[in-house]
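Model, not experiment: these values are computed from the prediction. Counting starts at 1 for both ligands and their atoms, in listed order. All residue numbers refer to positions in the sequence shown, counting from 1.
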Amino acid sequence: MVDSSEARVSHLERDPLNLPRSRRRVVRWLVAVLSVVAATGVVVLSGQVIRPTPNALYFCAVIFSAWLGGFGPGLLASFLSALAVKYFDTPSLHTLLVSPGELPRLLLFLGSGVFISWVCGQQRRADEALRLLSKRLEGRVQERTRELHKLTEELKAEMADRKQAETQLRQIETTLVHATRVTTIGELTASIAHEVNQPLAAVMNNANACLGLLSAGPENSVELSHALTEIVHDVERASAVIERTRSLAKNAAPNFAPQNLHSLVSDVLVLVRHESDARHVTIQIELPDALPLVPGDRVQLQQVMLNLVLNALDAMAEVEAKRRLLVIRGQRGVLERVPVVIISVRDFGVGFQVEDVERLFKPFHTTKVQGLGLGLAICRSIIEAHNGRLWAEPSDGPGATLSFCLPAIA
Ligand code: ADP
């Protein structure tokens, strides 16, 4: 289909005489004369075979001239052919004088020639118009193709710029997430130091006891082994706290894996235990045993948990000590027909107004003297990158509840 239309266009574009315009005109008229001369030559040379009926041959000459040169050369060929026909094919043979009886026949021949020339001329004109049109069209198509090419190049450059900007933005985001995490760890220095010092003090006590038992004699081997087991246990405890702190402080690429929310929450609570004790806050955990795993980066999810818990502790700083209760609750739920696990952190602190709910997540919104106002904004972006949601609600009664949900692994 495409091939045949291409062939038609190239046929229209081809000019039968591939010459400059002025020369082409001369050649067209010359061809009209020569085609009649050629027909006459054939008539003369053929003797009696064609001479009595030469009309067909002269019509061919007229058609050829009109096809090649248009109406004018066709007309000239018609006149010349009429003369030749008169000369060879009329009762008064070999004379150009026309008798009245021959006139209608000659006029009929001439009329036919003029008609053929006109038809061929029209055809030729239509061909030329088409050729011109197709040339113009081709020109337009080339121009549009060039514009399109330029546009594509510009678009490609813009896309490359955007990609680079997105990569830079992602790097900045990662740096920011890490920086706020380190800041949070900074707030927990006392708590972490306490969690490390406690087992180290126990190690010291047990080591002293071992020394005493050793000097008392070999009969104390059972007590000795008990004290050494305690030492190993305490060293493991201290090194676990250091390891957790180290992994939180590291700026590693996110590593998505199925996470057990029980162990994730208890890891976080180890780090804040001293802080919550110091602020006289009771922490209550309500996590059902059969809570599904969730896919996620452990460090980032711990960062979210830490932030929510520390905000809850801050919110209760001003309320009376007996009201300071923090409840961490876990339950199954459904979000947009997807099974999820919902974790909520409920406190009995100062709370906030319903109309302020969305403001809490705006970057740099803080009511704390030392606050950055980035914690909740970053937590929300972390949870959303995990295909979850993070939201805040004022509680019925005092305090607030901040919750997040993550898709459950069935
Ligand atoms: P920062 O802790 O640095 O202020 P966040 O983004 O974590 O930044 O918190 C923004 C603000 O949201 C806090 O300053 C506080 O006013 C409010 N907020 C967060 N959690 C609670 C909460 N549990 N109860 C009351 N207000 C809260």
Side-chain angles (χ1 to χ4, degrees), residues 172-192 248-249 264-265 268-269 271-273 275-287 299-331 342-386 388-406:
I172 291 169
E173 261 176 22
T174 314
T175 313
L176 198 64
V177 168
H178 177 245
T180 50
R181 197 159 64 231
V182 172
T183 310
T184 310
I185 298 169
E187 288 174 38
L188 290 171
T189 325
S191 191
I192 294 166
L248 272 173
L264 196 138
V265 169
V268 168
L269 292 184
L271 299 180
V272 296
R273 187 163 45 205
E275 196 67 32
S276 58
D277 286 351
R279 298 185 189 202
H280 309 289
V281 175
T282 308
I283 298 183
Q284 193 173 306
I285 298 173
E286 296 177 9
L287 294 173
V299 171
Q300 287 193 354
L301 294 181
Q302 279 179 338
Q303 180 175 355
V304 173
M305 237 7 252
L306 255 180
N307 222 296
L308 300 188
V309 169
L310 287 179
N311 274 348
L313 296 186
D314 286 345
M316 290 188 284
E318 303 294 318
V319 303
E320 52 180 325
K322 64 173 185 210
R323 258 181 54 194
R324 294 181 196 163
L325 173 66
L326 193 157
V327 184
I328 298 175
R329 186 170 293 138
Q331 60 192 32
I342 304 168
I343 300 288
S344 48
V345 179
R346 193 226 194 287
D347 64 62
F348 292 79
V350 288
F352 43 78
Q353 301 296 313
V354 188
E355 54 273 22
D356 289 336
V357 164
E358 278 312 304
R359 202 180 305 161
L360 305 188
F361 297 95
K362 290 238 160 71
F364 305 111
H365 167 77
T366 183
T367 53
K368 301 173 194 171
V369 184
Q370 305 267 319
L372 278 176
L374 286 174
L376 287 181
I378 285 174
C379 288
R380 185 171 257 184
S381 82
I382 290 176
I383 292 295
E384 285 177 357
H386 282 71
R389 298 273 184 285
L390 170 67
W391 66 97
E393 310 160 90
S395 301
D396 297 341
T401 306
L402 276 107
S403 314
F404 64 87
C405 69
L406 293 165

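- Remark: the backbone N or O of G397 is not paired with any side-chain donor or acceptor of S395 at under 3.5 angstrom.
- Using a 4.5 Å cut-off on side-chain heavy atoms (C-beta onward), T184 and L248 make no contact.
- Taking a heavy-atom cut-off of under 4.0 Å, ligand 1 is surrounded by N307, N311, A315, D347, G351, F352, L360, H365, T366, T367, K368, G371, L372, G373, L374, G375, L376, A400, L402.
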Passes side chain to side chain contact (heavy atoms under 4.5 Å, CB included), V319 versus R324? Steps please. CA-CA 7 Å; V319 303; R324 294 181 196 163; 3.8 Å; yes
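- A salt bridge links D314 to R279: one of the charged nitrogens lies within less than 4.0 Å of a carboxylate oxygen.
- Side-chain contact between V357 and P394 is present, with at least one heavy-atom pair separated by less than 4.5 Å.
- S344 and Q331 are not linked by any side-chain donor-acceptor pair at a separation below 3.5 angstrom, with hydrogens and angles left out of the test.
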